[in-house]
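The structure under discussion appears below in the form of structure tokens.
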Amino acid sequence: MSLQNVITLQLLLTHLYVLIPVCDNDKHYWVGSHEVEKLLEKGKDWLQMHPARELITLRYLKHQRYLVNEALETLLIDEAVDDETEEEIIPEQKVRLHDVRIERVKQELLQSGVKTVVDLGCGEGKLLKLLLAEKQFEQILGMDISYRSLEIAKDKLKIERLPPGKKERIKLVQGSLNYRDKRIEGFEGAALVEVIEHLDEPRLASLERVVFEFAKPQFVVVTTPNAEYNIKFANYKEGKMRHSDHRFEWTRKQFEEWGNRIAGKHKYSVTLHAIGETDDEVGALSQMALFTLLKEG
Ligand code: SAH
């Protein structure tokens with residue numbers, strides 16, 4: 001077989017690094033989750049567009065289904081989610097609403113008194129930046145499935161250049177909210193800002209267990225759009241969601257029912273709140289649920 005292309009040596013090497021073990025399919029050695037990270041790092045400029053990306057991923061990760069799914073999920077989600085177009089149908093509101101939202105989430109976390117926080121689905125790290133500026137938060141972890149978003153977050157937070165006292169307080173990890181993960185356990189507070197609506201039903205069900213049953217922080221903030229408000233947008237079309245990757249958008253009642261169910265099942269109390277501009281009839285642009293773990297006994 002012969003292949004021809006004109007590319008930089010660096011790009012060629014990232015191909016070879018991945019494709020040599022893929023073509024030499026007999027070697028068997030232990031692969032763990034760090035191999036997923038290596039694959040995504042080496043393949044970041046080309047694997048997503050590669051026509052044989054499934055086969056390459058399968059072979060590189062020695063057919064370990066769990067790892068293969070994790071890697072493919074990341075590749076495919078990166079394809080679907082473009083964070084810059086979040087809330088694409090309300091461009092004039094975009095910046096303001098998101099700023100209002102993360103400021104509010106920060107305030108709630110401060111008031112709750114938590115000292116350690118995990119931002120689940122942290123995206124490009126806008127909330128992390130606000131949290132890092134508050135001394136109350138001694139340990140901050142940002143977790144996201146998207147490698148690309150984490151790279152942007154790392155850049156925006158200037159993690160490498162932070163003074164030592166700050167640098168030790170923050171960490172970013174790649175991971176999926178669909179699997180139990182020890183790294184997100186043991187935090188007092190957690191935030192899920194505009195994340196749940198990106199997951200389809202079976203995945204949302206696993207997220208619920210991962211967060212409320214296993215990680216079980218004392219205080220959890222969840223935000224999601226309020227679907228009722230969509231009718232107010234100039235370019236409103238029935239059924240059209242605010243972002244092409246949203247799997248659902250809930251009314252206030254649906255969010256409340258979800259919150260009550262989760263709280264009842266996992267022993268939390270829950271309160272619901274409006275965020276952003278509010279209309280008498282359809283409610284606010286965005287909505288937030290605050291979960292507080294009930295004390296034993
Ligand atoms: N919280 C951020 C980003 C919201 S966009 C903000 O408010 O700016 C939704 C984020 O959830 C994306 O960064 C996406 O990569 C992440 N995400 C989607 N599914 C995920 C999963 N299963 N596990 C972890 N993160 C996920």
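Atoms within each ligand, like the ligands themselves, are counted from 1 in listed order.
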*Could you list all the salt bridge (Lys or Arg N to Asp or Glu O under 4.0 Å) pairs where at least one residue sits in residues 180-191, not counting sequence neighbours?*
Arg180-Glu185, Asp181-Arg183
If you measure every N/O of [X] against every N/O of ligand 1, is any gap under 3.5 Å?
| X | value |
| --- | --- |
| Ile102 | no |
| Met143 | no |
| Asp119 | no |
| Glu194 | no |
| Leu199 | no |

Are a donor atom and an acceptor atom from the side chains of [X] and [Y] found within less than 3.5 Å of each other?
| X | Y | answer |
| --- | --- | --- |
| Gln107 | Gln111 | no |
| Glu208 | Trp258 | yes |
| Ser286 | Arg101 | yes |

_Within-shell test, Gly175 vs ligand 1, heavy atom, strictly < 4.0 Å_ = yes
*With a 4.0 Å cut-off on heavy atoms, is Lys126 touching ligand 1?*
no
Which atoms of ligand 1 sit under 4.0 Å from any heavy atom of [X]?
| X | value |
| --- | --- |
| Leu177 | 21 (C), 22 (N), 23 (N), 24 (C) |
| His198 | 5 (S), 9 (C) |
| Ser176 | 22 (N), 23 (N) |
| Asn178 | 22 (N) |

*Just heavy atoms, cut-off under 4.0 Å: does Cys122 contact ligand 1 by side chain, backbone, both, or neither?*
backbone
*With backbone taken as N, CA, C and O and side chain as the heavy atoms from C-beta onward, which portion of His98 lies under 4.0 Å from ligand 1: side chain, backbone, both, or neither?*
side chain
*Leu172 CG to Ile140 CD1 distance, which is reported to the nearest 0.5 Å*: 10.5 Å
Contact check, side chains of [X] and [Y], non-hydrogen atoms, under 4.5 Å:
| X | Y | result |
| --- | --- | --- |
| Arg247 | Glu197 | no |
| Phe137 | Val114 | yes |
| Met288 | Glu108 | yes |

Determine all donor-acceptor pairs shorter than 3.5 Å in which one atom belongs to a side chain in residues 7-14; sequence neighbours excluded.
from: Thr8; atom 1: OG1; to: Leu11; atom 2: N; distance (Å): 3.2
from: Thr14; atom 1: OG1; to: Leu11; atom 2: O; distance (Å): 2.7
from: Thr14; atom 1: OG1; to: Trp46; atom 2: NE1; distance (Å): 3.3

